[in-house]
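For reference, the structure discussed in these notes is given below.
The model shown is predicted, which means the values in this text are computed figures rather than measured ones. Values below: all heavy atoms of this structure, side chains included; hydrogens, waters and symmetry mates excluded. The first residue of the sequence shown is numbered 1, and numbering continues consecutively from there.
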Amino acid sequence: MRVEVDLGLCESNGICAGLIPEVFDLDERDDLHVRSPDVTPQNETRIREAVRQCPRQAISLVE
């Protein structure tokens, strides 16, 4: 499983980067980047929380 972000929906508010900065990153222009798209047993809970808290529902998990 991996993380995908719909950049057309994303507002780059940074909630996801605050929850799990090793996966999500905002650059100096406030553009969101996925640093590490792979969902692992170690990061799955926090990634799912980022998906749940995304105000625009721009983050998804895909097989």
Side-chain angles (χ1 to χ4, degrees):
M1 192 168 13
R2 62 185 167 75
V3 173
E4 284 191 355
V5 176
D6 181 335
L7 297 176
L9 289 176
C10 181
E11 294 177 330
S12 296
N13 59 34
I15 292 172
C16 56
L19 289 169
I20 186 161
E22 59 270 23
V23 173
F24 301 101
D25 181 47
L26 288 176
D27 66 18
E28 63 279 348
R29 293 181 15 198
D30 284 339
D31 292 327
L32 183 71
H33 300 277
V34 179
R35 289 181 167 190
S36 178
D38 295 327
V39 177
T40 67
Q42 294 78 19
N43 67 17
E44 183 174 1
T45 299
R46 293 189 310 156
I47 288 175
R48 287 189 183 277
E49 185 62 18
V51 170
R52 188 184 74 72
Q53 288 195 34
C54 180
R56 298 284 301 187
Q57 299 178 341
I59 305 169
S60 60
L61 301 177
V62 296
E63 293 294 327

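Atom CG of D38 and atom CD of E44 lie 12.5 Å apart (nearest 0.5 Å). In this structure, C10 SG and H33 NE2 are separated by 10.0 Å, a value rounded to the nearest 0.5 Å. Atoms CZ and OG, on R2 and S36 in that order, are 12.5 Å from each other to the nearest 0.5 Å.
Of all heavy-atom pairs between C54 and A58, the closest is SG-N, 3.2 Å. Closest approach of E11 and P55 over heavy atoms only: OE1-CG, 4.4 Å.
Enclosure of atom CD in E49 by more than 12 non-hydrogen atoms of other residues, nucleotides or ligands within 6.0 angstrom is indicated.
Hydrophobic clustering, defined by side-chain heavy atoms of Ile, Leu, Val, Met, Phe, Trp and Tyr closer than 4.5 Å, groups I15 together with L19. Through direct or indirect side-chain contacts shorter than 4.5 Å among Ile, Leu, Val, Met, Phe, Trp and Tyr, F24 is connected to M1, V3, V5, L7, I20, V23, L26, L32, V34, V39, I47, V51, I59, L61.
Put simply, the side chain of R56 gets close to the backbone of L9: a donor and an acceptor are under 3.5 Å apart.
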Can you check salt bridge (Lys or Arg N to Asp or Glu O under 4.0 Å) on R29 and D31, steps first, answer last?
CA-CA 5 Å; R29 293 181 15 198; D31 292 327; 3.1 Å; yes

